[in-house]
2 protein chains.
Amino acid sequence: MSLPATQLQEVHERFAAFLKDRGQRRTPERFAVLDALYDTPDHVDADTLYLRLKNDGVRVSRATVYNTLDLLLESDLAARHQWGQNQAKYERAWAYWQHDHLICLDCGEILEFCDPRLQEIQETVADLYGFEVARHALTIYGHCRRENCPTRPETTE
Amino acid sequence: MSLPATQLQEVHERFAAFLKDRGQRRTPERFAVLDALYDTPDHVDADTLYLRLKNDGVRVSRATVYNTLDLLLESDLAARHQWGQNQAKYERAWAYWQHDHLICLDCGEILEFCDPRLQEIQETVADLYGFEVARHALTIYGHCRRENCPTRPETTE
DNA sequence: ATAACTGCAAAACATTTGCATACAG
DNA sequence: CTGTATGCAAATGTTTTGCAGTTAT
């Protein structure tokens, strides 16, 4: 579930350095949010993270959770995905680099994959349009063919 | 700006067929929303579409705009993008097929591109995970290098 | 005729903001 | 000490919903 202690420490140090660099405080709340996110193997929304922290006896407000998540995004320690039309999902993004997502439209299952051709596409596009590429987000939607996919569409056949 | 009349008619017919097929009514409001979307060469949010219609003297409510946009999505006549964390953007998706987006993080400019390797990636992934792929969404974020990019970050150099 | 659709305004929901208080540096 | 961060609750902004009245079929 969680990352090995060495990597967790690396992440802490990176966040601390980022904050120091910007003249921002290293508060216990911020590290609590960082830890809660890195304790999550998949994708969480801000409110779930808030509730989880609260439940664990950590006193943080929703405002701080949102604020900290923004800082984590800016420091490349987190990634945000806007899959539904409402809640954003967050995931840890350090020691866990570049991957993309495959989502089942029936059951919502989210799989991760990585394809080197995306790197090539990025380079081609960067060249073609004179862009300096920062990152990309690819999501493939489809239907998983598992028997236990809970929401199979009305099987017409 | 707008599509040639023949294609617009094709789109109308397709929407009419879709609605008929589902036993839903072909109301003037629905076609007004369809036309307003297809009159947009780029990406619009629902509220802008609503205001534009209202301004053109078409009596539609926001609720109908949202409802109709959903129908257009379901009939593959429109595509939705969730780029910011708030407003969704819509674009026409017929006679204008499969393309992806390149967004400048500084000025927000949105470019479109198409790369055949994405098709290959989709196929590989479909194979690998036993998915039947429906569609994909790829967005590349970066910095356009235009001199007139209005929000160049503080050029440190 | 009659079920589906519409407009309107209120509700819902995630996220942001303002301000008095707390605390890291 | 001082300015930055925090918690709380109220505000915001987008999308959804309920309902009485309309309208396509």
Side-chain angles (χ1 to χ4, degrees), chain A residues 12-13 15-37 43-75 78 80-90, chain B residues 12-13 15-37 43-75 78 80-90:
Chain A
H12 267 239
E13 277 163 17
F15 193 34
F18 169 82
L19 289 170
K20 185 167 190 184
D21 203 56
R22 310 218 315 191
Q24 296 194 263
R25 292 201 201 145
R26 278 128 274 158
T27 66
E29 289 85 357
R30 286 177 176 168
F31 286 98
V33 173
L34 174 63
D35 287 341
L37 181 66
H43 313 89
V44 246
D45 57 274
D47 208 59
T48 300
L49 222 43
Y50 163 71
L51 259 21
R52 192 179 300 168
L53 281 160
K54 191 169 184 174
N55 211 49
D56 289 357
V58 181
R59 283 190 96 267
V60 253
S61 64
R62 247 176 271 260
T64 298
V65 172
Y66 279 102
N67 161 43
T68 305
L69 284 170
D70 280 344
L71 293 171
L72 292 174
L73 290 174
E74 289 175 56
S75 55
R80 170 163 58 201
H81 300 286
Q82 214 72 213
W83 286 314
Q85 51 260 251
N86 28 13
Q87 258 174 167
K89 298 279 197 181
Y90 296 83
Chain B
H12 267 238
E13 279 163 16
F15 193 35
F18 169 82
L19 290 170
K20 185 167 191 184
D21 203 55
R22 309 217 316 190
Q24 295 193 265
R25 291 202 203 146
R26 278 128 272 159
T27 65
E29 290 84 356
R30 287 178 175 167
F31 286 98
V33 174
L34 175 64
D35 287 342
L37 181 67
H43 313 89
V44 246
D45 57 273
D47 206 59
T48 300
L49 222 43
Y50 163 70
L51 259 20
R52 193 180 298 167
L53 282 160
K54 191 170 184 172
N55 209 49
D56 290 355
V58 183
R59 284 189 96 268
V60 253
S61 65
R62 248 177 271 262
T64 297
V65 171
Y66 279 102
N67 161 43
T68 305
L69 284 170
D70 280 345
L71 293 171
L72 292 174
L73 290 174
E74 288 175 57
S75 55
R80 170 163 59 199
H81 300 286
Q82 211 69 206
W83 285 314
Q85 49 260 252
N86 29 13
Q87 261 173 165
K89 297 280 195 181
Y90 296 83

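Each chain gets a letter, A, B and so on, in the order its sequence line appears, and its residues count up from 1.
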**OP:** Taking all heavy atoms of B/Arg25 and all of B/Leu19, pick out the closest pair and write down the distance.
**Re:**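 Heavy-atom minimum between the residues: O-CD1, 3.6 Å.
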
**OP:** Measure from the side chain of B/Arg30, starting at C-beta and using heavy atoms only, and say which of C/dG7, C/dC5, D/dG7 lies closest.
**Re:**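 That would be C/dC5.
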
Subject >> Which nucleotide in C/dT15, C/dT6, C/dT17 has an atom nearest any side-chain atom of A/Ala63 >> reply: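 From the listed options, C/dT17 comes nearest.
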
Listed pairs, N/O of protein and of nucleotides 22-25 of chain C, under 3.5 Å:
| residue | atom | partner | partner atom | Å |
| --- | --- | --- | --- | --- |
| C/dC23 | O2 | A/Arg25 | NH1 | 3.3 |
| C/dG25 | OP1 | A/Arg26 | N | 3.3 |

Rounded to whole angstrom units, what separation is found between the [atom1] atom of [X] and the [atom2] atom of [N]?
{"X": "A/Leu69", "N": "C/dT16", "atom1": "CG", "atom2": "P", "result": "10 Å"}
{"X": "A/Asn67", "N": "C/dT17", "atom1": "CG", "atom2": "P", "result": "11 Å"}
{"X": "B/Gln87", "N": "C/dT15", "atom1": "CD", "atom2": "P", "result": "15 Å"}
{"X": "A/Tyr66", "N": "D/dT12", "atom1": "OH", "atom2": "P", "result": "18 Å"}
{"X": "A/Arg59", "N": "C/dT21", "atom1": "CZ", "atom2": "P", "result": "15 Å"}
{"X": "B/Arg22", "N": "D/dT25", "atom1": "CZ", "atom2": "P", "result": "15 Å"}
{"X": "B/Asp70", "N": "C/dC5", "atom1": "CG", "atom2": "P", "result": "13 Å"}
{"X": "A/Tyr50", "N": "C/dT16", "atom1": "OH", "atom2": "P", "result": "16 Å"}

Original post:
Pairing of DNA chain D as dot-bracket, 5' to 3': ( ) intra-strand, [ ] crossing, | other strand, . unpaired, with Watson-Crick or G-U pairs under 3.5 Å?
Top reply: |||||||||||||||||||||||||

Original post:
So, B/Thr64 side chain and B/Val60 main chain: donor-acceptor pair closer than 3.5 Å or not?
Top reply: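 Answer holds: no.
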
Subject >> Heavy-atom donor-acceptor pair, A/Arg26 side chain to A/Ala17 backbone, under 3.5 Å >> reply: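 Judged by distance alone, no pair lies under 3.5 Å.
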
Original post:
Can you check whether A/Thr64 has a side-chain N or O nearer than 4.0 Å to OP1 or OP2 of D/dG7?
Top reply: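 Affirmative; the distance criterion is met.
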
**OP:** State, with a plain yes or no, whether a side-chain heavy atom of B/Asp70 is found less than 4.5 Å away from one of B/Arg80.
**Re:**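 They are in side-chain contact.
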
Subject >> Heavy-atom side-chain proximity of B/Phe15 to B/Thr68 below 4.5 angstrom >> reply: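 In contact.
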
Original post:
Relative to the 5' end of DNA chain C, which residue comes earlier, B/Gly23 or B/Val60, by the nucleotide with the nearest heavy atom?
Top reply: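 Its nucleotide being nearer the 5' end, the pick is B/Gly23.
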
Original post:
Cut-off 3.5 Å, side chains only: do A/Asp45 and A/Thr48 have a donor facing an acceptor?
Top reply: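 A/Thr48 and A/Asp45 do have a side-chain donor-acceptor pair below 3.5 Å.
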
Subject >> Aromatic ring proximity B/His43/B/Tyr90, centre distance under 6.0 Å >> reply: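 No: the rings miss the under 6.0 Å criterion.
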
Original post:
To the nearest 0.5 Å, how far apart are CZ in A/Arg22 and CD in A/Glu74?
Top reply: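 One gets 4.5 Å once the value is rounded to the nearest 0.5 Å.
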
**OP:** Supply the atom-to-atom distance B/Leu49 CG to B/Lys89 NZ, rounded to the nearest 0.5 angstrom.
**Re:**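 One gets 11.0 Å once the value is rounded to the nearest 0.5 Å.
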
